[in-house]
Asker: 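The following block contains the structure, expressed as structure tokens.
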Amino acid sequence: QVQLVESGGGSVQAGGSLRLSCVASGRTFSNYAMGWFRQAPGKERDAVAAISWSNTYYADSVKGRFTISRDNAKNTVHLQMNSLKPEDTAIYYCAADLYGRGTFNSKQYDYWGQGTQVTVSS
């Protein structure tokens, strides 16, 4: 059982920044791939960024603005979000892929955080 606890969500004006954090309880965190997904009202849950032991991946909509990183010593993954836009408004979820694949396929993630609300106003 892996538990993910998120923090860092909130409200910000367009152009601002937020840094999301997700702390995992897994004993083999360094082997996991971690992903960030988001779900806006009336929309499907979409992948935002993912990080494996070797690569990072970003949705086109956030490239150049968001950065995913991890601190294996602290079992933590971060999502630095800069130049936020109103269309970034969503509930953001972190997820753990215990097999370390790090794809954008949500079905390949085994555990999910509770979600944290990000609201970007214009």
Side-chain angles (χ1 to χ4, degrees):
Q1 190 78 262
V2 175
Q3 294 185 357
L4 307 175
V5 180
E6 299 168 309
S7 62
S11 297
V12 65
Q13 289 189 322
S17 298
L18 287 172
R19 188 182 189 226
L20 306 183
S21 299
C22 178
V23 180
S25 64
R27 291 172 55 86
T28 55
F29 176 82
S30 62
N31 295 329
Y32 305 164
M34 300 295 296
W36 286 97
F37 294 75
R38 67 187 182 187
Q39 187 168 24
K43 301 284 188 177
E44 292 187 352
R45 185 176 299 183
D46 291 326
V48 177
I51 184 168
S52 67
W53 67 272
S54 59
N55 292 105
T56 57
Y57 304 91
Y58 297 95
D60 287 342
S61 60
V62 306
K63 285 181 179 177
R65 299 189 297 121
F66 290 11
T67 303
I68 189 170
S69 62
R70 65 194 299 160
D71 184 342
N72 290 334
K74 297 181 179 179
N75 279 17
T76 301
V77 62
H78 302 282
L79 185 68
Q80 178 67 45
M81 305 186 296
N82 298 326
S83 301
L84 283 162
K85 304 174 180 179
E87 52 262 44
D88 296 318
T89 295
I91 300 174
Y92 284 70
Y93 302 86
C94 66
D97 172 10
L98 272 60
Y99 293 91
R101 292 165 290 190
T103 73
F104 272 15
N105 183 355
S106 63
K107 295 180 180 179
Q108 294 180 341
Y109 288 81
D110 304 286
Y111 296 95
W112 295 81
Q114 79 284 358
T116 184
Q117 178 70 50
V118 171
T119 302
V120 184
S121 61
S122 60

Asker: Does Y58 have R65 sitting over its ring (NZ/CZ under 6.0 Å from centre, angle to axis within 45°)?
Answerer: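 Verdict for Y58: no cation-pi partner in R65.
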
Asker: Does V48 belong to the same Ile/Leu/Val/Met/Phe/Trp/Tyr cluster as F104, with side-chain heavy atoms less than 4.5 Å apart forming each link?
Answerer: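 No: no chain of side-chain contacts under 4.5 Å links V48 to F104.
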
Asker: What's the spacing between D46 CG and E44 CD if we round to 0.5 Å?
Answerer: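 One gets 6.5 Å once the value is rounded to the nearest 0.5 Å.
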
Asker: How close do A47 and A59 get, counting heavy atoms only, and between which atoms?
Answerer: O-CB, 3.6 Å

Asker: Taking atom CG of L98 and atom CE of M34, what is their separation to the nearest 0.5 Å?
Answerer: 9.5 Å

Asker: If I compare all heavy atoms of A14 with all of S122, which pair ends up nearest, and what's the gap?
Answerer: CB-CA, 4.4 Å

Asker: Roughly how far apart are R70 CZ and I51 CD1, rounded to 0.5 Å?
Answerer: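 Rounded to the nearest 0.5 Å, the CZ-CD1 separation comes to 5.5 Å.
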
Asker: Around atom CD of Q39, are there more than 12 heavy atoms of other residues, nucleotides or ligands at under 6.0 Å?
Answerer: yes

Asker: Cluster question for you: counting only ILVMFWY and a side-chain heavy-atom cut-off of under 4.5 Å, with indirect links fine, are Y111 and V77 together?
Answerer: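 Yes; V77 is reachable from Y111 via cluster members.
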
Asker: Might you work through the salt bridge (Lys or Arg N to Asp or Glu O under 4.0 Å) test for K63 and D60, ending with a clear yes or no?
Answerer: CA-CA 5 Å; K63 285 181 179 177; D60 287 342; 3.1 Å; yes

Asker: Any side-chain heavy atom of R45 within less than 4.5 Å of one from W112?
Answerer: yes

Asker: Could you check if a side-chain atom of E6 sits within less than 4.5 angstrom of a side-chain atom of Y93, using non-hydrogen atoms only?
Answerer: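 Side-chain contact under 4.5 Å: yes.
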
Asker: Taking only residues at least two apart or on different chains, which pairs with a member in residues 14-122 satisfy disulfide bond (SG atoms under 2.5 Å apart)?
Answerer: C22-C94

Asker: Hey, which of I91, L79, L20 is the one that makes side-chain contact (heavy atoms from CB on, under 4.5 Å) with V118?
Answerer: L20

Asker: By the salt bridge (charged side-chain N to carboxylate O under 4.0 Å, His left out) test, which pairs, at least two apart or in different chains, include something from residues 100-122?
Answerer: D97-R101

Asker: Identify the heavy atoms of S17 and S83 that sit nearest to each other, and give their distance.
Answerer: OG-N, 4.3 Å

Asker: Okay, side chain of Q13, backbone of S121: is any donor-acceptor separation there less than 3.5 Å?
Answerer: no

Asker: Can you measure from OH (Y99) to CG (N31) and round to the nearest 0.5 angstrom?
Answerer: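 Between Y99 OH and N31 CG, I get 12.5 Å after rounding to 0.5 Å.
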
Asker: Hey, what's the ring geometry for F37 with Y109, parallel, tilted or perpendicular (30° and 60° as the breaks)?
Answerer: perpendicular

Asker: Take atom CD of Q3 as the centre, draw a 6.0 Å sphere, and report whether it contains more than 12 heavy atoms from other residues, nucleotides or ligands.
Answerer: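 No, because the 6.0 Å sphere around CD of Q3 holds 12 heavy atoms or fewer from other groups.
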
Asker: Is the closest side-chain heavy-atom distance between V2 and Y32 below 4.5 Å?
Answerer: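 A side-chain contact exists here, since the closest heavy-atom pair is under 4.5 Å.
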
Asker: To the nearest 0.5 Å, what is the distance between CG on L4 and CG on N75?
Answerer: 10.0 Å

Asker: Under a 4.5 Å side-chain heavy-atom rule over Ile, Leu, Val, Met, Phe, Trp and Tyr, are V12 and F66 clustered together?
Answerer: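 The answer is yes; both residues are in one hydrophobic cluster.
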
Asker: If you round to the nearest 0.5 Å, how far is CZ of R38 from CD of E87?
Answerer: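 Going from CD on E87 over to CZ on R38, the span is 8.0 Å.
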
Asker: Kindly give the heavy-atom pair with the smallest separation between K74 and T76, and that separation in Å.
Answerer: O-OG1, 2.7 Å

